[in-house]
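Data block below; observations after.
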Amino acid sequence: MLFQCDVNVREVRRQRMIGSEEFIPSTVWIKKENNYYLCLKNSIYPNGKTYSISLVKMDPIFFSLLKSGRIAFEFRKPRDLLSLEFKSKRMAYLLYRTMQDITDGKNVIIDKNQNPDALHANNAVIDNFDLNANEFKGVDSFDNRILNMKCLSTLVLEDCNSLVLPEEIGHLPIKSLNISGSEMPTSQHAQDIYWNWTSKPTISGTLTTLKMDTIRLMKLPFEILYLKNLQTLSLNNNALAYLPHFIGELKNIKNLFAADNMLPYIPLCSSLIHLTEMDVIHNRFYCKEPRDHLVTYKESIKEPTDFKSLKHIAFFKLMDNFPQLKRQDISRPLWEYFNYVGRCSKCKQWTLPDYGETTSISFMPTIPKLNMSKYLDGLTYQIMYCTNTKDCEAHKRRFS
């Protein structure tokens, strides 16, 4: 498990930092010899320097540096403060989470074959464009020659600059797609068309794993609803303030990783209660007064007009059928409703905050592999209800 970064080492003496502030290109790796160790090698320490991870101080202040691709560890013996700067924010996050898992007592598997001499450069990847290959790891950006790899099942596009995914990749039988650490496009047009590939019949039926860690994702795109066979969804280390209720429509999902975001709750739906594995550590479940995006929406609107009611009815019809369309084929004013729509927990019909009520409860789900804060007694789940009890009961009789 090797990392390439710039490192500064200073001695901590009576709360003062002693030593140069210079950052030096270095190799950092983790090894296991009975215990876990963090190893450092650079021009200052050509023979390497080793720190026992059992003696590290995982300070929350150090975690806050991750958003800028930096990280720091303080060790009790020797009393050193290691500051690390990464070109890839995803790699900084990966090192931090690995260190966190080790200090939490988890059994982290370390590849013993890795050593500093085996450190791969960014371009040491599969890049031969074998048209019959079923796995490809891209370099820097998307290369259109990938579209000719008709047997492609695993596509890795990590740490790419201004990554744009052409909708034609939806014609490839990809089972696993990883865009972690890549830069999302900044133009409005590029953002509008970014998820068009999800609507293609091939990939919407084959994709089972989607990894989108550390891409500054602020909202989950509603197009993932097309990925009906998705089993693993990874959203770690983003800027998600909520998970939309429509995520419950992913009936085959088994693994959800949404650590290190700003989530105040999880939508209450059967597909998320009965997961095999969930990682939601480092979120905002502990907040006593989390700002609910559904309440915010409801407070910002007026009573529905007749025109608005008709628009909502059209939207509910769309949700019931949800044909495989591009985002551009749907009226732009409808796009925003995907962020707020959910199913009534009683009658299972679609509702919006205009017509529904929300509440929150906390309980500990029976998920075999659950990673959450040890200080929490349970997760906060949000529930949506129909406001009109008679309509709700009618829906229940109709669809039971």
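The first residue of the sequence shown is numbered 1, and numbering continues consecutively from there.
In terms of modelled atom types and a separation under 3.5 Å, the side chain of Glu85 and the main chain of Gly69 share no donor-acceptor contact. Side chain of Ser54 to backbone of Ser52: no donor-acceptor contact under 3.5 angstrom is found. Here the side chain of Trp350 pairs no donor or acceptor atom with the backbone of Val341 at under 3.5 angstrom. Listed for the His293 side chain is a donor-acceptor partner under 3.5 Å among the backbone atoms of Asn339. In this structure, the side chain of Ser153 does not engage the main chain of Lys175 through any donor-acceptor pair within 3.5 Å. Not a single donor-acceptor pair under 3.5 Å links the side chain of Asp104 to the backbone N or O of Lys106. Distance alone, capped at 3.5 Å, is enough to place a donor-acceptor pair between the Asn236 side chain and the Ala259 backbone. Looking at Asn238, its side chain does come within 3.5 Å of a backbone N or O of Met212 through a donor-acceptor pair. In this structure a side-chain-to-backbone donor-acceptor pair under 3.5 Å is present from Asn178 to Ser180. Side chain of Asn283 to backbone of Ala258: a donor-acceptor contact under 3.5 angstrom is found.
By the rule that hydrophobic residues join a cluster once side-chain heavy atoms approach within less than 4.5 Å of another member, Ile247 and Ile367 end up as members of one cluster. Grouping the Ile, Leu, Val, Met, Phe, Trp and Tyr side chains by contacts below 4.5 angstrom, directly or via other members, places Ile273 with Phe285. In terms of hydrophobic clustering, with Ile, Leu, Val, Met, Phe, Trp and Tyr side chains grouped at heavy-atom distances under 4.5 Å, Met184 and Val164 are assigned to different clusters. Under the 4.5 Å side-chain heavy-atom criterion for ILVMFWY residues, no single connected hydrophobic cluster contains both Val7 and Ile18. Tyr297 and Tyr355 fall within a single hydrophobic cluster, where Ile, Leu, Val, Met, Phe, Trp and Tyr side chains are chained together by heavy-atom contacts under 4.5 Å.
Ile44 places none of its side-chain heavy atoms less than 4.5 Å from the side chain of Val9. Gln324 has its side chain within reach of Pro201: a pair of non-hydrogen atoms, C-beta onward, lies under 4.5 Å apart. You'll find the side chain of Glu158 reaches within 4.5 Å of the side chain of Lys137, heavy atoms only. In this structure the side chain of Leu325 reaches within 4.5 angstrom of the side chain of Tyr226, judged on heavy atoms. Between Ile24 and Ser43, the closest side-chain pair of non-hydrogen atoms falls below 4.5 Å. With a 4.5 Å cut-off on side-chain heavy atoms, Phe316 and Gln349 do not count as touching. Looking at heavy atoms from C-beta onward, Phe142 lies in side-chain contact with Leu147 at the 4.5 angstrom threshold. Between Phe3 and Ser26 the shortest side-chain heavy-atom distance does not fall below 4.5 Å.
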Q: List the steps and the verdict of side chain to side chain contact (heavy atoms under 4.5 Å, CB included) for Leu370 and Leu379.
A: CA-CA 10 Å; Leu370 175 61; Leu379 290 179; 4.3 Å; yes
Q: Apply ring pair (Phe, Tyr, Trp, His ring centres under 6.0 Å) to the pair Phe246 and Phe222, showing each step before the final yes or no.
A: CA-CA 8 Å; Phe246 67 67; Phe222 62 78; 7.2 Å; no
Q. Going through the distances and angles, do Arg79 and Glu74 end up as a salt bridge (Lys or Arg N to Asp or Glu O under 4.0 Å)?
A. CA-CA 7 Å; Arg79 192 82 188 279; Glu74 183 179 335; 3.3 Å; yes
Q | Stepwise side chain to side chain contact (heavy atoms under 4.5 Å, CB included) check, Glu336 with Lys219 | A | CA-CA 11 Å; Glu336 188 69 11; Lys219 294 181 181 180; 3.6 Å; yes
Q.
Before you tell me yes or no, could you show the steps for Tyr242 and Gln382 under side chain to side chain contact (heavy atoms under 4.5 Å, CB included), namely the whole-Å CA-CA distance, both residues' side-chain angles and the distance that decides it to 0.1 Å?
A. CA-CA 10 Å; Tyr242 62 92; Gln382 187 183 65; over 6 Å; no
Q: Determine, step by step, whether Trp195 and Lys326 satisfy the side chain to side chain contact (heavy atoms under 4.5 Å, CB included) criterion, reporting the C-alpha distance in whole Å, the side-chain angles of both residues, the deciding distance to 0.1 Å, and the verdict.
A: CA-CA 8 Å; Trp195 305 102; Lys326 299 177 185 178; over 6 Å; no
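Here CG of Leu165 is found 6.5 Å from CG of Leu157. Values are rounded to the nearest 0.5 Å. With rounding to the nearest 0.5 angstrom, the CZ atom of Arg327 is 11.5 Å from the CD1 atom of Ile193. Taking CE of Met372 as the reference point, atom CD1 of Ile281 lies at 9.0 Å (rounded to 0.5 Å). Going from atom CG of Leu95 over to atom CD1 of Ile30 covers 5.5 Å, rounded to the nearest 0.5 Å. Residue Arg70 holds its CZ atom at 13.5 Å from SG of Cys5, rounded to the nearest 0.5 Å. Taking CG of Leu207 as the start and CG of Leu227 as the end, the distance is 5.5 Å to the nearest 0.5 Å.
Minimum interatomic distance between Asp6 and Pro25 (heavy atoms only, all atoms of both residues): OD1-CA, 3.2 Å. Nearest heavy-atom pair across Met319 and Leu225 is CE-CD1, 4.2 Å. When all heavy atoms of Ile146 and Leu172 are compared, the pair lying nearest together is O-CD1, 3.8 Å. The two atoms that bring Leu220 and Leu240 nearest to each other are N-CD2, 4.0 Å, heavy atoms only. What you find for Cys160 and Ser141 is that their closest heavy atoms are SG-N, 3.8 Å. Heavy-atom minimum distance, Glu167 versus Lys200: OE2-NZ, 3.0 Å.
Open room surrounds NZ on Lys317; 12 or fewer heavy atoms of other groups in view lie less than 6.0 Å from it. Heavy atoms from other residues, nucleotides or ligands lying under 6.0 Å from NZ of Lys57 number 12 at most. Counting non-hydrogen atoms of other residues, nucleotides and ligands closer than 6.0 Å to CE of Met218 gives a total of 12 or fewer. The local environment of CG in Asn161 is crowded, with over 12 non-hydrogen atoms from other residues, nucleotides or ligands closer than 6.0 Å. Atom CD of Glu21 has 12 or fewer heavy atoms from other residues, nucleotides or ligands within 6.0 Å. Environment of NZ in Lys254: sparse, with no more than 12 heavy atoms of neighbouring residues, nucleotides or ligands closer than 6.0 Å.
Ring orientation note: the planes of His282 and Tyr96 are tilted relative to one another, at an angle of 30° to 60°. Note on ring orientation: taking the six-membered ring where Trp is involved, the planes of Phe322 and Phe338 are perpendicular (angle over 60°, cut-offs 30° and 60°).
For the residue pair Ser83 and Asn8, no side-chain donor N or O sits within less than 3.5 Å of a side-chain acceptor on the partner. Side chains of Asn196 and Gln328: a donor on one and an acceptor on the other come within 3.5 Å.
Of the options Ile383, Leu268, Ile266, Thr380, a side-chain contact (heavy atoms from CB on, under 4.5 Å) to Ser360 is made by Thr380 and by none of the others. Screening Thr214, Asn237, Asp260 against Tyr93 for a side chain to side chain donor-acceptor pair (under 3.5 Å) leaves a single residue, Asp260.
Between Arg90 and Asp159 there is a salt bridge, since at least one side-chain N of the basic residue sits less than 4.0 Å from a carboxylate O of the acidic one. Using a 4.0 Å cut-off between charged side-chain N and carboxylate O, Asp213 and Arg97 make no salt bridge. For the pair Glu249 and Arg343, the salt-bridge criterion is met [side-chain N within less than 4.0 Å of a carboxylate O].
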